[in-house]
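The first residue of the sequence shown is numbered 1, and numbering continues consecutively from there. Counting starts at 1 for both ligands and their atoms, following the listed order. These figures come from a predicted structure and were not determined experimentally.
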Amino acid sequence: MDTPWWRDAVVYEVYVRSFADASGDGVGDLPGVRERLPYLKDLGVDAIWLTPFYRSPMADGGYDVADYRDVDPLFGTLAEFEALVADAHAHGLRVIVDIVPNHSSDRHPWFQEALRGQGRERYLFRDRPNNWQSTFSGPAWTQVADGQWYLHLFAPGQPDLNWRNPEVHAEFLDILRFWLDRGVDGFRIDVAMGLYKAEGLPDVKDQSFKAVSPVWGQPEVHEVYRNWREVLDSYPGERMAVGEVWTDRADDLALYVRPDELHQSFNFAWLQAPWSPTGFKQVIIDTLATVPFATWVLSNHDVVRHRTRYDTADPGTGLMRAKAALLTMLALPGSAYLYQGEELGLPEVKNLPPEARQDPVFFQSKGELPGRDGCRVPLPWTPDGPSLGFSPGDTLPWLPQPDDFPAFNAETQAGDPESTLAFYRRALSTRRDLLRSLPYHLEWLDSPEGALFFTRGPLICAINCGPAPVDLPPHARVILSTAPLPDGTLPPDTATWLHAE
Ligand code: GLC
């Protein structure tokens with residue numbers, strides 16, 4: 001039997017607002033994505049994941065959905081979505097869409113009705129708040145005009161739905177079918193561990209994030225995914241779901257990917273691993289031991305870009321490490337998720353002026369937390385122009401691009417064999433060529449201090465996280481490396497793929 005496409009796919013996250021703007025309003029949109037499909041095809045990814053493009057007042061960049069069955073005019077139309085899916089499929093690219101079941105927008109008709117006093121059982125209204133804090137900081141409760149309070153684990157504009165109400169289940173099953181009928185290949189499930197809260201909404205002693213607490217990871221949530229799996233399986237063409245499950249425990253993560261639940265879950269442990277061979281090795285061991293089909297991810301629209309996370313006082317180290325971590329991740333069994341702009345080597349934009357910031361995290365924390373705008377700055381496509389090719393004409397993008405962004409533009413990198421983009425293309429096409437000969441499992445090789453070596457069939461992957469060069473393991477030839485390998489050694493902050501025989 002053929003392997004289902006998603007098991008070893010490379011999926012590229014398109015943060016739609018910041019990818020490419022075709023309409024000229026400074027905000028990325030679906031026709032912008034459609035125009036750039038050839039770029040994604042050339043990059044060598046298998047699928048794209050589109051962040052929410054549904055009708056939304058944009059209290060959280062679209063993760064506050066007012067109508068789950070329509071496209072926001074900011075992003076295009078339903079017809080333009082359908083054209084994008086058709087074109088993506090014609091390019092051999094699958095399309096995953098984001099589904100946001102934990103909360104709706106406060107502008108959703110259900111919540112508007114609730115404010116008028118009808119149907120409050122679809123949300124979590126109480127006479128008195130408990131002590132829960134919002135993930136975005138501040139209390140997780142907001143009071144309405146008649147004195148009741150509603151729960152929002154994120155922004156006040158994102159009221160949490162009550163999954164103990166069967167009507168909510170029926171609604172989301174219908175929403176899944178709506179998009180499956182329009183040809184989507186899968187769903188990314190937002191806040192997948194959050195849907196159920198403990199009965200009675202008890203106070204918590206510890207506000208820090210825990211995999212399983214009265215707030216997160218209630219066992220009832222698994223029934224939801226069993227039902228969703230049945231719907232996905234009833235469609236032809238290997239439709240899939242990947243869960244956004246933030247958990248600090250691999251055994252908890254494993255529950256979400258049981259054979260009758262989600263196909264995949266993001267492996268945030270990889271993204272959180274420190275730059276060390278033991279850190280990386282431990283995550284790989286835990287992952288392969290606990291989940292049937294691994295995934296790997298280094299960056300997304302919620303975290304500081306990995307190039308910047310890996311920065312040291314020495315300029316250039318962050319990018320070298322980012323490429324080395326990427327090459328290692330692409331050698332691992334399972335599928336890999338990339339975040340737009342990492343293929344250009346984009347850094348986190350740290351110096352956005354406060355007046356430009358848009359993320360509710362910045363406002364809810366009263367400026368104490370910078371928020372996530374720094375990884376969401378619109379992409380630089382060309383070396384010049386007011387938006388570096390992001391928008392047509394003179395329009396400025398919704399977040400300002402910093403002065404060093406022209407140096408990262410895609411057009412120049414596409415013509416430069418030494419660029420980060422050229423490296424990503426080589427790595428992805430090589431991985432695709434090798435894939436058929438690679439078994440799912442890996443074997444560890446003895447590694448010198450600071451380094452990590454493993455094999456997968458004929459492939460040897462070696463990464464050096466230490467401060468000194470190390471000798472390469474015995475090999476027949478070099479396939480690809482992130483930096484030159486002088487005299488058979490692997491320099492610090494470098495990774496390589498070698499052919500064993
Ligand atoms: C997820 C999204 C994030 C959003 C939050 C609330 O974590 O990735 O961007 O703010 O859910 O929907």
Check your understanding: Ring centres of F172 and Y68 under 6.0 Å apart?
Key ->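 That pair passes the under 6.0 Å test.
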Exercise for review: Measure from the side-chain N and O atoms of D21 to the backbone N and O of F390, and report whether any donor-acceptor pair falls under 3.5 Å.
Suggested key: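 No, the answer is negative, given that no donor and acceptor are paired below the 3.5 Å cut-off.
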Review point. So F266 and Y337, would you call those rings parallel, tilted or perpendicular, with 30° and 60° as cut-offs?
Key: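 Rings of F266 and Y337: perpendicular, over 60°.
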Practice item. Flag the pair R188 and E13 as a salt bridge only when some basic side-chain nitrogen lies within less than 4.0 angstrom of an acidic carboxylate oxygen. Key: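 No, no charged N to carboxylate O under 4.0 Å.
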Point to revise | Where V184 and F187 come nearest, the two heavy atoms and their spacing | key: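 Minimum heavy-atom contact is CG2-CZ, 3.9 Å.
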Exercise for review: For ligand 1, would you mind listing the residues that have at least one heavy atom less than 4.0 Å away, ordered by chain and number?
Suggested key: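 Heavy-atom contacts below 4.0 Å: D60, Y63, H103, F136, F154, Q158, R188, D190, V191, E244, H301, D302, R372, R376.
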Practice item. Classify the side-chain pair Q158/D106 by whether it contains a donor and acceptor separated by less than 3.5 Å. Key: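 Checked: Q158/D106 side chains show no N/O donor-acceptor pair below 3.5 Å.
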